[in-house]
Amino acid sequence: MQYLHTMVRVADLDASLHFYCDLLGLKEVRRKESEKGRFTLVFLAAPADESRSTELQAPELELTYNWDPETYTGGRNFGHLAYRVDDIYALCQHLQDNGVTINRPPRDGHMAFVRSPDGISVELLQAGEPQEPREPWASMENTGTW
């Protein structure tokens, strides 16, 4: 398993970039704009992690700016932790066998979401190429929110 990023939703992207970059000293390493999804993702890295971020896209802080105003309550401005895993199906099976709900199953062989006992959303991403979709995951519905 490899730590990837922590995602935080921000209400004012410019103010957040000023805080994280100008004041804390993080560096913007990449940005993604989604017209269809109406959001901007900005990935930041600490100066000592910048080369690893460029090579591995980790470890990073992901700022998510939703273009349509939204009020975040109950910690919804904190998004999720993300980890790259060697075998998403094996890990999801292990978690499920131990009582963990798979909130967003890895139907695509690439991504799943679970929650910690404290309700923290954890994204699991398959290392390399997605695995071929397979059952029971391919037809499993989402459970709750993530």
Side-chain angles (χ1 to χ4, degrees), residues 1-131 133 137 140-146:
M1 182 181 293
Q2 178 187 27
Y3 173 77
L4 297 178
H5 64 261
T6 297
M7 184 272 266
V8 176
R9 290 182 179 88
V10 299
D12 182 331
L13 185 56
D14 291 333
S16 295
L17 287 171
H18 174 69
F19 174 78
Y20 288 108
C21 296
D22 299 337
L23 302 180
L24 286 181
L26 299 181
K27 306 286 185 183
E28 182 175 332
V29 293
R30 70 182 183 289
R31 182 182 289 233
K32 177 185 176 187
E33 304 268 343
S34 175
E35 183 75 35
K36 183 178 179 182
R38 301 192 47 74
F39 63 83
T40 301
L41 305 179
V42 179
F43 292 86
L44 308 177
D49 292 326
E50 196 170 358
S51 63
R52 287 192 304 153
S53 171
T54 300
E55 180 185 344
L56 305 171
Q57 295 188 346
E60 297 172 332
L61 173 63
E62 173 190 331
L63 302 181
T64 296
Y65 172 69
N66 292 310
W67 300 353
D68 299 317
E70 188 175 342
T71 301
Y72 302 113
T73 60
R76 283 289 297 147
N77 61 315
F78 173 77
H80 60 261
L81 301 174
Y83 293 93
R84 184 175 293 123
V85 301
D86 291 332
D87 185 335
I88 197 163
Y89 293 134
L91 180 56
C92 285
Q93 188 63 59
H94 173 73
L95 292 169
Q96 187 172 291
D97 289 348
N98 284 278
V100 175
T101 299
I102 309 299
N103 300 105
R104 193 280 192 194
R107 290 182 292 273
D108 54 6
H110 174 68
M111 177 178 64
F113 277 89
V114 297
R115 285 195 173 268
S116 76
D118 295 304
I120 301 297
S121 186
V122 179
E123 179 180 22
L124 306 171
L125 295 167
Q126 174 63 44
E129 294 298 313
Q131 292 195 36
W137 313 107
M140 191 178 288
E141 296 291 322
N142 293 343
T143 302
T145 60
W146 60 89

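When a residue number appears, it is its place in the shown sequence, counting from 1.
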Considering all heavy atoms, the nearest [X]-[Y] contact:
X: Arg84; Y: Leu56; result: NH2-O, 3.4 Å
X: Cys92; Y: Ile102; result: O-CD1, 3.7 Å
X: Glu141; Y: Pro105; result: O-CG, 3.5 Å
X: Tyr65; Y: Ala11; result: CE1-O, 3.3 Å
X: Ile88; Y: Ala112; result: CD1-N, 3.7 Å

Evaluate the side-chain proximity of Glu33 to Glu35: yes if any heavy-atom separation is below 4.5 Å, no if none is.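 Heavy-atom side-chain distance check fails, nothing below 4.5 Å.
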Test of understanding: with side-chain contact (heavy atoms from CB on, under 4.5 Å), list the residues that count as partners of Thr143, not counting sequence neighbours.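 Here the qualifying residues are Thr101.
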side-chain contact (heavy atoms from CB on, under 4.5 Å) against Ala46, all qualifying residues, sequence neighbours excluded: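 Applying side-chain contact (heavy atoms from CB on, under 4.5 Å) to Ala46 gives Leu26, Asp49.
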Using 30° and 60° as the class limits, which term best fits the ring planes of Tyr89 and Trp137: parallel, tilted or perpendicular?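 Parallel.
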Which residues share a ring-ring contact (aromatic ring centres under 6.0 Å, His included) with Phe39, sequence neighbours left out: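 Not a single residue meets the ring-ring contact (aromatic ring centres under 6.0 Å, His included) criterion with Phe39.
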ring-ring contact (aromatic ring centres under 6.0 Å, His included) partners for Phe113, two or more places apart: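 Expected list: His80, Trp146.
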Rounded distance [0.5 Å steps], [atom1] in [X] versus [atom2] in [Y]:
X: Leu81; Y: Leu124; atom1: CG; atom2: CG; answer: 10.5 Å
X: Phe43; Y: Leu61; atom1: CZ; atom2: CG; answer: 9.5 Å
X: Leu4; Y: Thr6; atom1: CG; atom2: OG1; answer: 9.5 Å
X: Leu63; Y: Cys21; atom1: CG; atom2: SG; answer: 7.5 Å
X: Glu28; Y: Ser53; atom1: CD; atom2: OG; answer: 11.0 Å

Taking side-chain hydrogen bond (donor to acceptor under 3.5 Å, both in side chains) as the definition, give me every residue that meets it alongside His94, ordered by chain and number, with sequence neighbours left out.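 Here no residue qualifies.
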Kindly write out the residues that satisfy side-chain hydrogen bond (donor to acceptor under 3.5 Å, both in side chains) with Gln131, not counting sequence neighbours, or none if the list is empty.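 So Gln131 forms a side-chain hydrogen bond (donor to acceptor under 3.5 Å, both in side chains) with Asp87, Gln126, Arg134.
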Residues Arg30 and Glu60 bridged, charged N to O under 4.0 Å: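 The answer is yes: the pair qualifies as a salt bridge.
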Apply side-chain contact (heavy atoms from CB on, under 4.5 Å) to Leu91 and Asp86, showing your working. CA-CA 8 Å; Leu91 180 56; Asp86 291 332; over 6 Å; no
Under 3.5 Å: donor-acceptor pair, side chain of Arg115, backbone of Thr145: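 Confirmed, Arg115 side chain pairs with Thr145 backbone.
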Strictly distance-based, threshold 3.5 Å: is any side-chain N or O of Arg38 a donor or acceptor partner for the main-chain N or O of Asn66?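 Checked: no pair found.
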Could you check Asn142 against Arg107 for side-chain contact (heavy atoms from CB on, under 4.5 Å), going step by step and ending with a plain yes or no? CA-CA 10 Å; Asn142 293 343; Arg107 290 182 292 273; 2.9 Å; yes
